[in-house]
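What follows is a single structure, written as C-alpha cells, with notes after it.
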Amino acid sequence: MTQTAHNRGGAPVGYLTELGPIEAGAVLYLRLWCDGAEAQQQVWNDFSASLGAHHGRSALRNLEELCQLCADHGRRPLMRHHVTCKCLGADEACFANFVGAATEGAREDAMLMATLLVRPDVAPSIVELAQSLGLALRRMARHVPTSIHRQPAETLH
C-alpha cells in the first residue's frame with residue numbers, strides 16, 4: 001500500500017471553520033477524545049460546564065461509545081488531524097456530516113454515512129449515538145459566541 005493510499009482518510013478537504021457548530025464540535029471532540037486522558041478530561045469539563053453534570057455525563061458516554069465502536073468495528077482506522085489543526089481531513093468530514101445528518105433526523109442518510117465508518121451491522125448503533133451527541137452539541141453551541149465558530153483558517157499540522 002502506498003503512503004498516499006494509506007493516508008487518504010487524512011487528506012485535507014477543507015477547514016473546520018467551514019463547518020456548522022454541530023459538525024465542528026463533532027470533529028473537535030473526536031480529536032480530543034482520541035488524544036488521551038488529559039484531552040478527555042477537557043471534553044468532560046466542556047460538557048459538564050455547558051450541559052450540567054447529568055446531561056454532560058450522558059453526552060460523554062455517547063461520545064465515548066461512538067468512538068469505541070468506530071475503533072472496534074471500523075472499516076479501517078479513522079484518520080484524524082491534530083487537535084489544534086485548522087484543516088479538516090476526509091475521514092473527519094465524513095464523521096462531521098454523519099453526526100450532522102443524524103442530529104437533523106436524516107436517518108437514511110446517516111445510516112449510509114455510518115456504513116462508510118463501520119461495518120453495516122454496527123451502523124444503527126452509531127446512528128443513535130451520533131444523534132444524541134449531536135443534540136448535546138447543539139445545546140452547547142447555543143452558549144458559544146458566533147465569532148468563535150468563524151475564525152480565519154490557518155493550516156497548522
Side-chain angles (χ1 to χ4, degrees), residues 1-48 50-51 54-141 149 157:
M1 181 182 305
T2 67
Q3 184 69 9
T4 303
H6 178 64
N7 292 326
R8 185 171 292 135
V13 296
Y15 295 98
L16 282 173
T17 54
E18 297 170 334
L19 298 176
I22 294 168
E23 292 83 357
V27 172
L28 174 63
Y29 290 116
L30 169 70
R31 289 177 179 181
L32 283 167
W33 188 260
C34 295
D35 208 34
E38 189 174 315
Q40 290 173 3
Q41 182 62 46
Q42 182 181 343
V43 173
W44 165 244
N45 293 342
D46 288 357
F47 285 3
S48 64
S50 295
L51 302 170
H54 175 73
H55 293 294
R57 197 172 352 275
S58 177
L60 186 70
R61 278 193 303 267
N62 289 329
L63 175 64
E64 179 180 28
E65 193 171 344
L66 178 58
C67 290
Q68 194 62 54
L69 287 171
C70 285
D72 291 347
H73 304 286
R75 299 177 63 82
R76 61 176 173 71
L78 199 59
M79 300 295 293
R80 300 171 319 279
H81 284 226
H82 188 271
V83 171
T84 60
C85 184
K86 304 295 182 190
C87 291
L88 177 66
D91 285 354
E92 294 172 330
C94 181
F95 187 81
N97 284 302
F98 159 65
V99 172
T103 304
E104 292 169 5
R107 186 162 176 80
E108 289 180 4
D109 289 345
M111 284 289 288
L112 179 63
M113 288 182 246
T115 62
L116 298 172
L117 300 170
V118 296
R119 295 185 336 236
D121 61 313
V122 180
S125 297
I126 71 167
V127 169
E128 297 298 325
L129 292 166
Q131 182 176 38
S132 296
L133 175 63
L135 292 172
L137 294 173
R138 178 181 288 161
R139 287 191 305 270
M140 290 173 69
H149 298 297
H157 286 271

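- In this structure, L129 and E65 have side chains that are in contact, with non-hydrogen atoms separated by less than 4.5 Å.
- The line from SG of C67 to CD of Q40 is 8.5 Å long, rounded to the nearest 0.5 Å.
- Between N62 and L133, the closest heavy-atom pair is ND2-N, 4.2 Å.
- E128 meets the side-chain hydrogen bond (donor to acceptor under 3.5 Å, both in side chains) test with R107; sequence neighbours excluded.
- The heavy-atom pair separating W44 from G56 by the smallest distance is CZ3-C, 3.6 Å.
- Taking the side chain as every heavy atom from C-beta outward, M140 and D46 approach each other to under 4.5 Å.
- Scanning for side-chain hydrogen bond (donor to acceptor under 3.5 Å, both in side chains) contacts around N45 gives Q41, with sequence neighbours left out.
- Applying the side chain to side chain contact (heavy atoms under 4.5 Å, CB included) rule to T103 yields the partners I22, V99, L135, R138; only residues at least two apart in sequence or on another chain are considered.
- Side-chain contact between F98 and I126 is present, with heavy atoms from C-beta onward closer than 4.5 Å.
- For F47, the ring-ring contact (aromatic ring centres under 6.0 Å, His included) test picks out Y29, with sequence neighbours left out.
- Counting heavy atoms from C-beta on, the side chains of V43 and L63 come closer than 4.5 Å.
- Residues M79 and G10 share a closest heavy-atom pair of CB-N, 3.5 Å.
- Shown here are the side chain to side chain contact (heavy atoms under 4.5 Å, CB included) partners of A11, two or more places apart in sequence or in another chain: there are none.
- Interatomic distance, CG of D91 versus CG of L78, reported as 5.0 Å (0.5 Å rounding).
- For F95, there are no ring-ring contact (aromatic ring centres under 6.0 Å, His included) partners two or more places apart in sequence or in a different chain.
- Atom OG1 of residue T17 and atom CG of residue L19 lie 8.0 Å apart, to the nearest 0.5 angstrom.
- No side-chain heavy atom of R80 sits less than 4.5 Å from a side-chain heavy atom of C85.
- Listed for the E104 side chain is no donor-acceptor partner under 3.5 Å among the backbone atoms of A101.
- The CG atom of L16 lies 7.5 Å from the NZ atom of K86; values are rounded to the nearest 0.5 Å.
- With sequence neighbours excluded, no residue forms a side-chain hydrogen bond (donor to acceptor under 3.5 Å, both in side chains) with E64.
- Applying the side chain to side chain contact (heavy atoms under 4.5 Å, CB included) test to V13 and every residue at least two apart in sequence or in another chain returns L88, A90, A93.
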Please tabulate, one pair per line, all N/O donor-acceptor pairs under 3.5 Å involving side-chain atoms of residues 111-125, not counting sequence neighbours.
{"from": "T115", "atom 1": "OG1", "to": "L112", "atom 2": "O", "distance (Å)": "2.6"}
{"from": "R119", "atom 1": "NE", "to": "D121", "atom 2": "OD1", "distance (Å)": "3.0"}
{"from": "R119", "atom 1": "NH1", "to": "H73", "atom 2": "ND1", "distance (Å)": "3.0"}
{"from": "R119", "atom 1": "NH2", "to": "D121", "atom 2": "OD1", "distance (Å)": "3.4"}
{"from": "R119", "atom 1": "NH2", "to": "D121", "atom 2": "OD2", "distance (Å)": "2.8"}

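- Qualifying side chain to side chain contact (heavy atoms under 4.5 Å, CB included) partners for A136, counting only residues two or more places apart in sequence or in other chains: L51, A59, R139.
- Scored by the side-chain hydrogen bond (donor to acceptor under 3.5 Å, both in side chains) test, R31 finds E92 as partners (sequence neighbours excluded).
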